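Step one of this worksheet: look at the structure below.
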Amino acid sequence: MFLRILVWLVLLIAGWWVFRKRLKPPPPGAPGSPGATPAPRALAQAEPMVDCVRCGLHFPASEAVRDSAGQVYCCAEHRLEGRK
C-alpha cells in the first residue's frame, strides 16, 4: 500500500513539474526560445587615427587635443609643452 502511494506521489509531482514548465515562457535569449538568435550587431565605423606631434603616440582622432594652429596632441600636457 505504501509503495502504491509513493508511486502516485512521484507521478503527480512529475506531472506538475512538466505542466508548470510548459506554462512558463522561456527567458529571452534562452536556447529554443523564439527570437533566441540575436540580431547581428552593426559593425562600428572605423575611426581616423592621428599622431601626437610631441611624443608620436598613434590614437583615435576623437581623443585628440588641438592647439590654435591645428596641431594634434594626445593630452593637454603635451599641448602646453609644445612641439618637440
Side-chain angles (χ1 to χ4, degrees):
M1 181 69 178
F2 176 72
L3 187 60
R4 186 176 283 179
I5 292 173
L6 185 62
V7 168
W8 277 109
L9 185 63
V10 168
L11 286 175
L12 282 172
I13 291 172
W16 175 75
W17 183 75
V18 168
F19 181 72
R20 193 182 68 161
K21 280 288 222 185
R22 289 189 180 233
L23 285 180
K24 188 177 183 182
S33 68
T37 55
R41 288 194 281 170
L43 295 176
Q45 294 292 332
E47 186 173 348
M49 304 292 278
V50 293
D51 295 320
C52 177
V53 296
R54 175 80 179 146
C55 66
L57 180 70
H58 195 66
F59 60 98
S62 63
E63 298 176 17
V65 178
R66 298 181 188 273
D67 65 3
S68 59
Q71 295 291 326
V72 177
Y73 298 93
C74 62
C75 62
E77 183 180 323
H78 283 184
R79 182 180 57 84
L80 292 175
E81 289 174 4
R83 201 174 183 135
K84 197 164 48 162

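Sequential numbering from 1 along the given sequence is applied to the chain's residues. Treat the numbers as computed from the prediction; the structure is a model and nothing was measured. In what follows, every heavy atom counts, from backbone to side chain, and hydrogens, waters and symmetry copies are set aside.
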Counterpart residues, side-chain contact (heavy atoms from CB on, under 4.5 Å), relative to D67 (two or more places apart): A69, Q71, Y73, R79
Contacts of Q45 that satisfy side-chain contact (heavy atoms from CB on, under 4.5 Å) - sequence neighbours left out: none
Remaining members of hydrophobic cluster (4.5 Å side-chain criterion), F59: V50, L57, V72
Residues forming a side chain to side chain donor-acceptor pair (under 3.5 Å) with E63, sequence neighbours excluded: none
Partner set under side chain to side chain donor-acceptor pair (under 3.5 Å) for S62, not counting sequence neighbours: E47
Heavy-atom pair with the smallest gap, counting every atom of C55 and C74: SG-SG, 3.8 Å
Minimum heavy-atom distance between G82 and R54, given as atom pair plus value: O-CD, 3.0 Å
Listing, residues 11-21 side-chain donor-acceptor contacts under 3.5 Å, not counting sequence neighbours, or none:
none

